[in-house]
Structures are given as structure tokens and as C-alpha cells.
Amino acid sequence: RSPWPGGAVLTGHGVPVAISFTDDQPIFRAKIDGIAGDNGLDTGNSGSLVVQGRWAQKNGLAEQMRKGLLASGFGAGGASRNWANRADLELAGTTFRHVVAHYSEDRKGAFSSRTEAGNIGNEIYESFTLGFDYGRNTVWFDPVQPRHEAQQVYSRAGMSVYKASTDAFTIATVQPEGPAGKAGLKAEDLIVAVNGTPSATLSGWDLKRMVREPPGTQMRLDFTRGGEKHATIVTLRELLP
């Protein structure tokens, strides 16, 4: 049990992890595919792990990671091209096998660090109760019991999207041989409805859940291209084993 000022405690068996800071983000040590490095603790990252390009190149991981699935991510700094892979991640005494890891070679923004190994997000932190003790430069990682051990699911649609307006999802990238590509969708198409539900009423999280449905699930997408209305069926399948 971890001590706190005033006698408060975390339940369970918290693991203390030392942190430092670059600007306003906590940095801590973790291992990616067995290699230790400094990682950003990013509660604004809705995924699991972004691997920084310069660190990966230095440690011999970049070439293999470029063979992953081309994708795009989006945040306060705009779009970020990356490659989706799987990697093992070890932190606070816990190992996560084959998490979804996005490899980035950005040259500006949060994923262009010269010193950090990666940026770790909420799909990892959901396995812990976190206690932040900034006065002692420590974060306590208290494992949630029982921890969900199933392999993380990656999008089975083969496309990356973002919302530039409230009424449509804009397609950023399409894997040509993936389900979306086979269904005739292209980058810059605007998805205006999913399974009959207007995109204006759907969040990014809503669509994220839909494209992670089991293989064989069919999604009807209504979209516009050059102002013309179209519709297609996307049949989900496994893309990142």
C-alpha cells in the first residue's frame, strides 16, 4: 500500500515509479520490445503506445516498424502519419504483450522527440489506478485486479478518419487491400452516416468501437465525394494479427 500525505492510501499494491518532466508532461522509464527508454505519460493519448522515430532508429527497431499498416492519428497538433504494429511493453513491473504500437517519424509536434522512446496512452493506464505525487516526483501504478488479458483489437476497417466538421468523418488514409479500399472508399471521402446513423450524432469513440467489431461484421457507410452521394458496404476483417 502506498503512503500519501494526510494518511490517504491507494488500495492494492501500488508500484512507485520515478518521473521527471519535459515542459508539462511526466516522463518515466519503460521498456519497448525489451529496450529501456524514457516515455511520456500522456493521458491525452487515447491509444496504447506511440513509438518515437529517432529512438527506434537508434535502437534498430525502425526498419521493421515501417512494415506495419499505414495509418494516421490526430490531436491538438493536427494529423500524424504513422505505421501500426504490435510490440511488447513493460512498465511498473507489468508486461503487456503485443499491444497496438503506432510508429511515428514526425519531424515536428509531440511525436518528434529527440530523446523519448515512446508516448504511452490510456489503453495501458486503464489497467491501473494511478496516484500522482508531484511533490515526490513519483507516480504510483496500482494494478487493477483482475487485469484484462485479451489481445488489444486494432481497427478492422483499414482506414483512418477524423472529424473536421460536426456532420462528417473525413477519411485520411485507406489501405488499398483493406476492407475500406475494397469497398471503393478513398482518402478525402466524407462519411456522413454509419449503419443509418448520421455522423453528426457519432463521436470518434463511437466509430472506433464500430470498426473493432468482430471479423465479418458489415458496416453500411453513406459518404460524399466531390459533392455526390454514395453508399457502400465495408466487411470487417483482421488486419493486425
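Everything quoted here is computed from the prediction, not taken from an experiment.
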State which residue, out of Ile191, Asn195, Leu207, Val194, fulfils the side chain to side chain contact (heavy atoms under 4.5 Å, CB included) condition with Leu202.
->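 Only one of Ile191, Asn195, Leu207, Val194 forms a side chain to side chain contact (heavy atoms under 4.5 Å, CB included) with Leu202, namely Val194.
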
Mind checking whether [X] and [Y] have side chains closer than 4.5 Å, heavy atoms only?
X      : Y      : result
Ile124 : Ser48  : yes
Ser46  : Lys208 : yes
Leu49  : Phe96  : no

Nearest 0.5 Å please: distance from the [atom1] atom of [X] over to the [atom2] atom of [Y].
X      : Y      : atom1 : atom2 : answer
Leu236 : Met210 : CG    : CE    : 11.0 Å
Thr43  : Phe132 : OG1   : CZ    : 6.5 Å
Asp88  : Ile32  : CG    : CD1   : 11.0 Å
Asp222 : Thr224 : CG    : OG1   : 10.0 Å
Asn59  : Asp33  : CG    : CG    : 10.5 Å
Ile27  : Thr115 : CD1   : OG1   : 7.0 Å

Between [X] and [Y], what is the shortest heavy-atom contact and its length?
X      : Y      : value
Pro16  : Thr138 : CB-CG2, 3.9 Å
Arg29  : Ala36  : NH2-CB, 3.7 Å
Val234 : Ala183 : CG2-CB, 3.8 Å
Ser155 : Met159 : OG-O, 4.3 Å
Ile120 : Asn45  : C-ND2, 4.0 Å
Ser199 : Ala193 : OG-N, 3.3 Å

Under 3.5 Å donor-acceptor, Gln52 side chain and Ser113 backbone |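 Answer holds: yes.
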
Side chain to side chain donor-acceptor pair (under 3.5 Å) partners of residues 174-188, not counting sequence neighbours, each pair once |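 Output for this query lists Glu177-Lys182.
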
Carefully, step by step, assess Met65 and His102 under the rule side-chain contact (heavy atoms from CB on, under 4.5 Å).
-> CA-CA 8 Å; Met65 286 193 159; His102 291 271; over 6 Å; no

ILVMFWY cluster, [X] and [Y] together (side-chain gap under 4.5 Å):
X      : Y      : result
Phe21  : Leu130 : yes
Leu70  : Val51  : yes
Tyr134 : Leu41  : yes
Val139 : Leu89  : yes

Restricting to pairs with a member in residues 27-61, which pass ring-ring contact (aromatic ring centres under 6.0 Å, His included), not counting sequence neighbours?
->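 Output for this query lists Phe28-Phe141.
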
Mind running side-chain contact (heavy atoms from CB on, under 4.5 Å) on Gln152 and Arg86 for me, showing each step along the way?
-> CA-CA 9 Å; Gln152 292 178 350; Arg86 293 214 179 259; 4.3 Å; yes

Could you list the residues that satisfy ring-ring contact (aromatic ring centres under 6.0 Å, His included) with Tyr103, not counting sequence neighbours?
->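 Here the qualifying residues are Trp83.
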
Contacts of type ring-ring contact (aromatic ring centres under 6.0 Å, His included), residue His230, not counting sequence neighbours =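 With sequence neighbours excluded, His230 shows a ring-ring contact (aromatic ring centres under 6.0 Å, His included) to Phe223, given in chain and number order.
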
Worked check of side-chain contact (heavy atoms from CB on, under 4.5 Å) between Leu91 and Val17 | CA-CA 9 Å; Leu91 70 156; Val17 175; over 6 Å; no

How would you list, by chain and number, every residue that makes a salt bridge (charged side-chain N to carboxylate O under 4.0 Å, His left out) with Arg209, sequence neighbours excluded?
->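 Here the qualifying residues are Asp206.
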
Contacts of Glu238 that satisfy salt bridge (charged side-chain N to carboxylate O under 4.0 Å, His left out) - sequence neighbours left out =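 Salt bridge (charged side-chain N to carboxylate O under 4.0 Å, His left out) list for Glu238, sorted by chain: Arg156.
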
Lys31, NZ atom: more than 12 neighbouring heavy atoms under 6.0 Å =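 Check fails, neighbour count at 12 or below.
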
Is there a side-chain contact (heavy atoms from CB on, under 4.5 Å) between Val100 and Glu123 once you walk through the steps?
-> CA-CA 9 Å; Val100 176; Glu123 289 189 348; 5.5 Å; no

